[in-house]
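Comments concern the structure below.
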Amino acid sequence: MTSQTTVKTLLILGASGDLTGRLLLPGLARLVARDRATGLQLVGAGSDPWTPDQWLERVESAFADANSQADAAGKRELKRISETTSYRELDVTADGQLAALLGQLEAPVAVYFALPPHISQEACAVLTAAELPAGTRLVMEKPFGSSEESARHLNQTLGALVPEDHIHRVDHFLGKATVLNILGLRFANTFLEPVWNRNHIEKVEIIFDEDLALEGRARYYDGAGALRDMIQSHLLQIMALLAMEAPATLDERDLRDAVAVALRASSIKAPYAKNSRRARYTAGTLDGRKVPDYAKEKGVDESRNTETLAEVQVDIDNWRWQGVPFILRSGKALGGTRKEAVVTFRPVPHLPKGFTGVDSPNQLRIGFGPDTLQFDVDVNGPGNVLSLDRATLTAELSASDLLPYGEVLEGVLMGDPLLSVRADTAEDCWRILDPVIKAWNRDSVPLEEYAAGTAGPEGWPA
Ligand code: BG6
């Protein structure tokens, strides 16, 4: 079945930038190749004076992979987009330029701001509601603001332009299949829900340790760091899906209400030296490759004290989760990649005397790459039947047909904000982290060090 998009034109601002080439266009291509977005016009705009050929080359090379796997209809559609797409040189912050372009496009238009946050903000500030064609959707990349206050201010700017359900705040983790699988796992089964609370769960860890180092992203990353880059957005969203109450439906309103309620109950408490940690990598070796000291990398300002590894303990003060720590951690240039949520259950109230060996707690592990589900249980035998042994039940979950950006774009193009972060949630995610950021700025929490390629600073749990 082919799906005609609600949006007629996708306008990508920042079309000559890295995000567009690496993630947006390949995500779009998969969607189109699978006949899940037909009839769309694609327009790129950027401050670079690109020729039509330069743009076309970018589009075609980003489409190549999906094209090779597309059926005949998908191939036709990708070809049609390549033949009709155009590139405009534009200063989005100049009064009237973006509005004039919007007036020439077939409406409704989705405007994707694939731009540095301050430029997106300036671009929105010069727009007025009257200049926007009917049905316009505004698509904002992360980070959305830099504090609760700035996120609120940006929400007000956007809210004056289009209704909330036409604003898409992108968090591509919401387009990852295993992140969304949390909903099926929790709410389409009966066995978990009765034990999914403080009576049975001891702690929840959400870990996203990457072996990637800076990868030439100093301009963005040195102003962000691990806390803002990963925890403020992606990991809090995962936490909300793990912690929320069951929604009545998977409509955007029910689901996003449930996410918002969980986040509203969440906070990181003082003392911040106990409930948060930060560290920065020094020179080391990753997979046989030499990695320079972060502080000496091109484009890094050492005095900013940007962390490349961050960990926080979030408390969720409600009936279900009171007293259960949610540990969120993410870092770069780490020796082992570990991308998973680990739910650790409480020990049995009484282990019958007579068992030998170690009785370890049950752990449920949801892997975000590779996409897996694992449940660690204790069993006895074989061999000595009274000796406890660890067994792991494992399921390999098949990755989604679409790339995460494809999933997110599908929502934009079909006019469904389900996978977009809602205004109040975007502010709340900053509200949770603002006190930690302030404590770090006051130097109340030491900036530790770890050599690239290791598991992190000594004393941090592996
Ligand atoms: C991005 C962060 O949002 O997510 C990157 O800016 C990070 O620093 C990336 O590497 C991880 O997501 P994925 O989908 O590449 O695993």
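Every number for a ligand or one of its atoms is a count from 1 in the order of the listing. Every heavy atom of this structure was used, including side-chain atoms; hydrogens, water molecules and symmetry mates were not.
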Under the salt bridge (charged side-chain N to carboxylate O under 4.0 Å, His left out) criterion, do R278 and E311 qualify, and how do the steps go?
-> CA-CA 6 Å; R278 56 177 176 152; E311 183 183 286; over 6 Å; no

Quick one: do R186 and N181 satisfy side chain to side chain donor-acceptor pair (under 3.5 Å)? Show the steps, please.
-> CA-CA 8 Å; R186 287 195 55 202; N181 277 345; over 6 Å; no

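Because its NZ or CZ atom is both nearer than 6.0 Å to the ring centre of F144 and within 45° of the ring axis, R169 counts as a cation-pi partner of that residue. For the pair K176 and F173, the cation-pi criterion (under 6.0 Å, within 45° of the ring axis) is fulfilled.
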Between the protein and ligand 1, are there any N or O atom pairs that come within less than 3.5 Å of each other, and if so, what are their names and distances?
residue  : atom   : partner : partner atom : Å
ligand 1 : 3 (O)  : K142    : NZ           : 2.7
ligand 1 : 3 (O)  : H234    : NE2          : 2.7
ligand 1 : 6 (O)  : K142    : NZ           : 2.9
ligand 1 : 6 (O)  : R217    : NH2          : 2.8
ligand 1 : 6 (O)  : D229    : OD1          : 2.6
ligand 1 : 6 (O)  : D229    : OD2          : 3.4
ligand 1 : 8 (O)  : R217    : NH1          : 2.8
ligand 1 : 8 (O)  : D229    : OD2          : 2.6
ligand 1 : 8 (O)  : K332    : NZ           : 2.7
ligand 1 : 10 (O) : E210    : OE1          : 3.2
ligand 1 : 10 (O) : E210    : OE2          : 2.7
ligand 1 : 10 (O) : K332    : NZ           : 3.1
ligand 1 : 12 (O) : H172    : NE2          : 3.2
ligand 1 : 14 (O) : H172    : NE2          : 2.8
ligand 1 : 14 (O) : K176    : NZ           : 2.7
ligand 1 : 16 (O) : K176    : NZ           : 3.1

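For W321 and F326, the ring centers sit closer than 6.0 Å to each other.
Legend: side chain to side chain donor-acceptor pair (under 3.5 Å) pairs involving residues 254-266, not counting sequence neighbours, sorted by first then second residue: T249-D254, E252-R256, D257-R422.
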